[in-house]
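The chains referred to below are lettered A, B, ... by the order of the sequence lines, with proteins before strands, and numbering in each begins at 1.
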Amino acid sequence: MLKTRNCGELRLTDAGRTVTLAGWLARRRDHGGLIFIDLRDRSGLVQVTADPTFADSYAAAERARSEYVLQVTGRVRPRPEGMVNPNLESGEIEVLAESIVLLNASRTPPIPLDDDGYKTDEITRLKYRYLDLRRERLQRNVILRHRTIKFMRDYLDRRGFLEIETPMLIKSTPEGARDYVVPSRLQHGKFYALPQSPQQLKQLLMVAGFEKYFQIARCMRDEDLRGDRQPEFTQLDLEMSFAGRDDILEVVEGLVTELVPAVVPHKRLFSPFPVMSYAEAMARYGTDKPDLRFGMEIVDVSAAVKGSDLGLVADALASGGSVKCIVAPGCASWSRRELDNLVELARAAGAKNLGTLGWTAGGLKGSLARQLRPEEAQEIARLCGAGEGDLACVVADKAAAACRALGALRLELRDRLRLAPPDLLAFGWVVDFPMFEWDEAEGRWNFMHHPFTSPKAEHLDLLESDPGKVMSEAYDLVCNGYELSSGSIRIHRRDVQERIFKCLGYGEEEVRERFGHMLDAFEYGAPPHGGMAPGVDRLVMLLADEPNIREVIAFPKTASAADVMFDAPSELEPRHLRELHIRVAE
RNA sequence: GGGGUCGUAGUUCAGUUGGUUAGAACGCCGGCCUGUCACGCCGGAGGUCGCGAGUUCGAGUCUCGUCGGCCCCGCCA
């Protein structure tokens with residue numbers, strides 16, 4: 001090795017030792033007769049002092065510039081009285097350079113590397129990602145990601161899980177997410193698909209008798225990107241045989257509960273995780289991935305206004321809808337402009353309108369102040385616990401639509417009022433999802449999770465008669481408003497699986513061609529099984545307090561799924577295309 | 001596919017009602033400086049105002065188009 005020690009680990013106890021370091025020049029302070037160099041490697045920074053006494057090393061220090069790669073040999077010594085830098089872990093000492101070898105020079109970096117990088121043009125950061133990754137924040141994130149994955153492997157190994165790899169070149173399935181597709185050279189006109197997840201493969205591993213499987217699995221989905229969605233991402237994919245829902249939840253909850261204090265000890269979490277049904281989550285938070293870091297739950301205030309002659313309210317109640325409300329604490333005196341903005345937001349989220357009602361010392365404020373009878377306003381206050389200074393946001397609509405709009409509003413208020421405590425990871429379980437949801441566009445039932453999800457046994461009889469009422473054995477892990485993981489107990493019987501495909505409107509021929517291998521497998525002693533697949537990128541993003549998953553992925557893609565460093569995707573040589581039997585249409 | 005927003009020096013930004021040679025800070029280059037640590041002081045270089053049309057005597061500024069970034073909706077078995 002070109003180094004005997006790491007820069008960031010040197011301490012006062014090393015004083016007197018001669019060390020050889022190698023790293024990058026983070027900053028240079030040239031005092032004419034004395035040069036200080038902050039030398040950086042993965043472990044951190046240490047100050048190297050170049051003194052003219054060592055003429056060669058001093059000359060090298062004069063020539064060195066930012067991001068030059070240096071090998072420094074010298075003696076560790078305590079800093080002089082009053083020169084300790086308390087902001088630096090190694091700030092009590094410095095290394096007096098006896099020799100400085102220039103291992104490589106560097107052009108001036110196109111982006112600053114000594115800050116957190118949030119303000120720097122992201123496209124330039126990504127183009128020079130290998131430099132961007134040198135910044136301390138990203139080094140920390142990548143290391144945290146490593147520790148997280150290492151913890152997962154160790155934990156699951158302890159619990160008897162086997163890590164098993166599954167193929168990347170598999171078969172396209174038309175439903176679900178769009179596939180990334182790979183042309184076959186050996187078979188004209190045929191294509192592989194990259195896995196959206198190893199779902200079927202891990203179920204087949206259960207049929208194969210491995211009982212407990214996991215994989216740090218790369219998944220590819222050719223869908224539009226978001227701050228929390230990349231075209232390729234990583235899941236901790238796991239599956240267990242002979243397990244019920246609670247067994248799966250126990251494994252994952254145990255993993256996360258032990259992981260957090262191990263890798264981010266400053267973070268807090270609920271233990272045990274709260275469990276709520278899908279219906280409850282929708283009613284209380286207006287979403288199936290509630291942010292449980294704060295309250296502001298949705299309250300039904302229909303009873304308070306049941307006699308109201310207000311158009312929207314009366315219409316909603318007459319047609320079986322409801323009047324729902326959330327309370328924004330201390331916002332009663334918000335300006336017209338701020339309130340209008342909320343109304344706009346609620347409408348964008350699907351509400352017909354948003355009524356506001358604020359309780360101020362000077363009386364009622366807001367759009368509903370004059371439209372409601374005093375006793376109605378008073379009853380609303382009682383039902384939702386609003387007091388002086390508070391603002392009620394009220395939506396009258398079908399219950400689901402009202403909750404959905406207020407759910408969106410709730411997140412907006414969270415951000416405006418900073419309601420989410422920092423360092424809280426509010427994990428929770430959402431269970432009892434419906435099996436199907438009605439697809440308006442296609443005019444048929446579609447699965448909510450995936451077609452291998454088991455219906456609840458007691459709802460099997462409803463499959464054909466009333467699919468909308470069938471609950472599934474699916475469950476989600478949520479955290480701080482993100483869906484961190486989905487899972488389910490799977491179907492392990494051919495007859496049940498066939499009934500599900502039928503409900504989804506798949507023809508027999510189609511089923512045989514696409515899922516015949518699964519159905520066949522279920523006939524050879526498939527054990528009851530289930531599992532889930534936490535999203536590693538999102539989890540690490542939350543652990544690292546990052547605003548998007550690009551910050552915890554070494555080489556992420558832009559919102560248009562481009563890699564600006566490689567300039568991918570790119571066109572292929574005609575020869576290459578011919579070999580693959582592909583002609584690009586104009 | 002739709003909506004929002006942004007694009008000016010290497011980076012972060014300013015740029016008035018359309019009007020002289022487009023500015024600042026950081027970074028960079030040169031000089032000075034032996035205790036700095038965001039070192040300091042002096043000097044300097046650095047611009048296809050994303051790109052293309054148009055309006056105008058004149059466009060960083062106005063119009064249209066286009067490309068790209070980010071966020072949101074749709075989409076995400």
TODO: Write down the distance between CD1 (I549(A)) and C1' (C70(B)), rounded to a whole number of angstrom.
DONE: 15 Å

Open item on the list: When you measure from the side-chain N and O atoms of R404(A) to the phosphate of C73(B), is any distance below 4.0 Å, counting only OP1 and OP2?
Closed with: no

Open item on the list: Taking the P atom in each of G50(B) and U11(B), what is the distance between them to the nearest angstrom?
Closed with: 13 Å

Task: Six-ring centre of Y118(A), R137(A) cation under 6.0 angstrom, axis tolerance 45° - done: yes

Task: 5' precedence on RNA chain B between P110(A) and R538(A) (nearest-nucleotide basis) - done: P110(A)

TODO: Starting from C1' on C75(B), measure out to OH on Y180(A) and report it in whole angstrom.
DONE: 13 Å

TODO: Would you indicate, yes or no, if C28(B) has its OP1 or OP2 atom less than 4.0 angstrom from a side-chain nitrogen or oxygen of S66(A)?
DONE: yes

Open item on the list: Output one letter per nucleotide in nucleotides 33-40 of chain B: B when a protein non-hydrogen atom lies under 4.0 Å from the base, S when only the sugar-phosphate is that close, - when neither is.
Closed with: BBBBBSB-

Task: Donor-acceptor side-chain pairing of N141(A) and E546(A) below 3.5 angstrom - done: yes

Task: R28(A) and D38(A) ion-paired at < 4.0 Å - done: no

TODO: Take atom CG of D224(A) and atom P of C70(B), then tell me their distance rounded to the nearest Å.
DONE: 12 Å

Open item on the list: Between C29(B) and G10(B), how far apart are the two P atoms, rounded to whole Å?
Closed with: 15 Å

Open item on the list: Rounded to whole Å, how long is the line connecting atom NZ of K557(A) with atom P of G68(B)?
Closed with: 17 Å

- [ ] Please round to the nearest 0.5 Å and tell me the distance separating atom CD1 of I111(A) and atom NZ of K127(A).
- [x] 11.5 Å

Open item on the list: We want to know whether R42(A) and N6(A) form a side-chain donor-acceptor pair, criterion being a heavy-atom distance below 3.5 angstrom.
Closed with: no

Open item on the list: Only pairs with both distances under 3.5 Å count, Watson-Crick or wobble alike; so what is the partner of A22(B) in this structure?
Closed with: none

- [ ] Check every atom of G1(B), G27(B), C70(B) against the side chain of T108(A) and return the nucleotide holding the closest atom.
- [x] G27(B)

- [ ] Return yes if the base of G7(B) and the side-chain atoms of D121(A) contain a donor-acceptor N/O pair under 3.5 Å, otherwise no.
- [x] no

Open item on the list: For U17(B), give the paired nucleotide (Watson-Crick: N1-N3 plus N6-O4 or O6-N4; G-U: N1-O2 and O6-N3; both under 3.5 Å), or none.
Closed with: none

Task: Side-chain donor-acceptor pair present, R29(A), Q47(A), cut-off under 3.5 Å - done: yes

TODO: Answer with yes or no whether R229(A) presents, from its side chain, a donor or acceptor under 3.5 Å of a partner atom in the base of C75(B).
DONE: yes

Task: Counter-base of G44(B), judged by Watson-Crick or G-U geometry with both distances under 3.5 Å - done: C28(B)

Open item on the list: If I take atom CD in residue E67(A) and atom P in nucleotide G27(B), what distance separates them, rounded to the nearest angstrom?
Closed with: 14 Å

Open item on the list: Any strand counts, and the cut-off is 3.5 Å on both contacts for Watson-Crick or G-U wobble. Which nucleotide pairs with C37(B)?
Closed with: none

Open item on the list: Under 3.5 Å, is there a donor on one side chain and an acceptor on the other for N548(A) and R538(A)?
Closed with: no

Open item on the list: Under 3.5 Å, is there a donor on one side chain and an acceptor on the other for Q196(A) and D179(A)?
Closed with: yes

- [ ] Please measure how far the P atom in U56(B) lies from the corresponding atom in U63(B), and state the result in whole Å.
- [x] 16 Å

Open item on the list: I need the minimum non-hydrogen distance between C219(A) and Q235(A), along with the two atoms involved.
Closed with: SG-OE1, 3.6 Å

Task: Pair H450(A), R490(A): side-chain N/O donor-acceptor within cut-off below 3.5 Å - done: yes

Open item on the list: Quiz question: by atom type and distance under 3.5 Å, do the side chains of H492(A) and Q497(A) form a donor-acceptor pair?
Closed with: no

Task: Spacing between D222(A) atom CG and C75(B) atom P, to the nearest angstrom - done: 16 Å

TODO: Specify whether F452(A) and F515(A) have parallel, tilted or perpendicular ring planes, treating 30° as the upper limit for parallel and 60° as the lower limit for perpendicular.
DONE: perpendicular

TODO: Using the P atom on both, measure C70(B) against A25(B) and round to a whole Å.
DONE: 31 Å

Open item on the list: Between C76(B) and C13(B), how far apart are the two C1' atoms, rounded to whole Å?
Closed with: 37 Å

Task: Side-chain-base donor-acceptor pair under 3.5 Å for R226(A) and G74(B) - done: yes

TODO: Just name whichever nucleotide pairs with G74(B), Watson-Crick or G-U, keeping both distances under 3.5 Å, else none.
DONE: none

Open item on the list: Quick one about Q203(A) and Y213(A) (side-chain donor to acceptor, distance below 3.5 Å, no hydrogens or angles considered), yes or no?
Closed with: no

Task: Parallel, tilted or perpendicular: rings of Y506(A) and F501(A) (30°, 60°) - done: parallel

Open item on the list: Testing the 3.5 Å rule here: is there a donor-acceptor pair between the side chains of T73(A) and E98(A)?
Closed with: no

- [ ] Compare side-chain N and O positions of T558(A) against OP1 and OP2 of G69(B) and report whether any pair is under 4.0 Å apart.
- [x] yes

- [ ] Would you jot down, in residue-number order, the residues of residues 123-139 of chain A having a non-hydrogen atom under 4.0 Å from RNA chain B?
- [x] I123(A), T124(A)

Open item on the list: Which residues in residues 505-516 of chain A have a heavy atom closer than 4.0 Å to any atom of RNA chain B?
Closed with: none

Open item on the list: Taking the nucleotide of RNA chain B with the nearest heavy atom to each, does P198(A) or P547(A) sit closer to the 5' end?
Closed with: P547(A)

- [ ] Provide the distance between the two P atoms, one in G60(B) and one in G23(B), to the nearest whole Å.
- [x] 14 Å

Open item on the list: Taking pairing as Watson-Crick or G-U wobble with both contacts under 3.5 Å, can you name the mate of U5(B), or confirm there isn't one?
Closed with: G69(B)

TODO: Can you tell me, in whole Å, how much space there is between the C1' of C6(B) and that of C41(B)?
DONE: 38 Å

Open item on the list: Using Watson-Crick or G-U wobble geometry with both distances under 3.5 Å, which nucleotide pairs with C64(B)?
Closed with: G52(B)

Open item on the list: Using atom P in both nucleotides, what's the gap between A9(B) and U61(B) to the nearest angstrom?
Closed with: 15 Å

Task: Length of the CD-P vector between Q230(A) and C75(B), whole Å - done: 21 Å

TODO: Quickly work out the L411(A) CG to C71(B) C1' distance and round it to whole Å.
DONE: 15 Å

